[in-house]
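On a predicted model such as this, the values are computed, not experimentally measured, just so you know. Sequence lines set the chain letters: A, B, ... in the order given, protein chains first and strands last, and positions in each chain run from 1.
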2 protein chains.
Amino acid sequence: MQTELIKNKNDINHQSNELRSAGLKVTLPRIKILEILEHSPERHLSAEDVFRALLEAGDNISLATIYRVLTQFEDAGLLESHNFDNGHKVFELNRGDHHDHMVCVQTGKVIEFHNEEIEKLQHEVADRHGLEITGHSLVLYVKPK
Amino acid sequence: MQTELIKNKNDINHQSNELRSAGLKVTLPRIKILEILEHSPERHLSAEDVFRALLEAGDNISLATIYRVLTQFEDAGLLESHNFDNGHKVFELNRGDHHDHMVCVQTGKVIEFHNEEIEKLQHEVADRHGLEITGHSLVLYVKPK
DNA sequence: CTTTCTGCAAAGGTTTTGCAGATTT
DNA sequence: AAATCTGCAAAACCTTTGCAGAAAG
């Protein structure tokens, strides 16, 4: 119990700092949303996913706020977003480790991977056209063999 | 003039055959939509793009029909679709040559490319996880250097 | 006290759908 | 004649926005 309390307190301080350094006021909705993103077993969440996770945790935060906050977090660099082909935009914490995604077409499960060689080849392709890469999206749609 | 007429007639036969072999009835809206996709200088078109191109050509075909037809064409394998990060879904003719895309973040221009080595590495990554690739999406967002 | 935030409800933009009449086969 | 298609208008989605009161700094 004791350790649990300390953990939560540390968490909140940690999140408050993240918010402050992003130039955002520290509010309950923002802390709760950050918590969901940090603790959810599924790392890639849509606005709707966050809304429902909060509801299950007993926090009824309006969808409008969630959309606004997720966008602010993305602008601040706390989150990244991806548009998978199923049409939904998902957000994930920016942990500083660049990676790409495999999405299981049967279960929707998302697996992260990173391949340095693919990255290098991408830059070569852009170079060859006299272009500079500002971002990229690589998604493999997969199923169990 | 003569050759122009013959060309148009050949085109229509060609398109009718494509429709028939897709199991779709040959109707004017479908032929016109195929024509746009085959002759437009921009190969990657949204439903709205097709709608406007048709209007400019004097054909007022309802957006509902365009959405329906594009989806049917995709199901039939005549088209492929992509969701670029700007949010709009675009369609392009399936010419049988697989390729990936670079999208210019300044102009929206789409450049196609193909890199066999990247393809190979993708399969290696999936293999390593015991997965099979059913499709993939690779988009490089670029700008002039 | 000023600035920023939140919830609500309304509006926006895109895509889908039910239906009745038109067209294709 | 039967099956399929089209246009229209309405609905369904997802996301954004204006506003007024609430909270943070």
(Q) Quick check for you: among C:dT17, D:dG7, D:dT15, whose closest atom lies nearest to any side-chain atom of A:Y67? (A) D:dT15
Q. Which sits closer to the 5' end of DNA chain C, B:L28 or A:R30, going by the nucleotide each is nearest to?
A. A:R30
Q) Start at the 5' end of DNA chain C and walk down; is the nucleotide closest to B:A47 or to A:T27 reached first? A) A:T27
Q. Is it true that the side chains of A:E80 and A:H99 contain a donor and an acceptor less than 3.5 Å apart?
A. no
Q) Between the axis at one end of the helix from C:dC1-D:dG25 to C:dT25-D:dA1 and the axis at the other (five pairs apiece), what's the angle to 10 degrees? A) 30°
Q: Flag the pair A:H123 / A:H136 as yes when their ring centroid distance falls below 6.0 Å, and as no otherwise.
A: no
Q: Assert yes or no for the condition that the ring centre distance of A:F113 to A:H101 is strictly below 6.0 Å.
A: no
Q: For B:I61, report the nucleic acid contact type (base, sugar-phosphate, nothing); a contact means any heavy atom under 4.0 Å.
A: sugar-phosphate
Q.
Side chains of A:F51 and A:L63, heavy atoms from C-beta outward: is any pair under 4.5 Å?
A. yes
Q.
Within the 4.5 Å heavy-atom criterion, are A:E117 and B:E117 side-chain neighbours or not?
A. yes
Q) For A:R68 and D:dT16, is the shortest distance between a side-chain N/O and OP1 or OP2 below 4.0 Å? A) no
Q) So, is B:T65 near the phosphate of D:dT6, with a side-chain N or O under 4.0 Å from OP1 or OP2? A) no
Q. Any donor-acceptor pair under 3.5 Å between the side chain of A:K25 and the base of C:dT3?
A. yes
Q) Starting at the 5' end of DNA chain D and moving along, which residue's nearest nucleotide shows up first, A:S46 or B:L24? A) B:L24
Q. Could you give the distance from CD (A:Q122) to CG (B:D100), rounded to the nearest 0.5 Å?
A. 9.0 Å
Q. For DNA chain D, which residues in residues 49-58 of chain A have a heavy atom at a distance below 4.0 Å?
A. none
Q.
Suppose we screen for side chain to side chain donor-acceptor pair (under 3.5 Å). Which residues come up paired with A:D75, at least two apart in sequence or across chains?
A. none
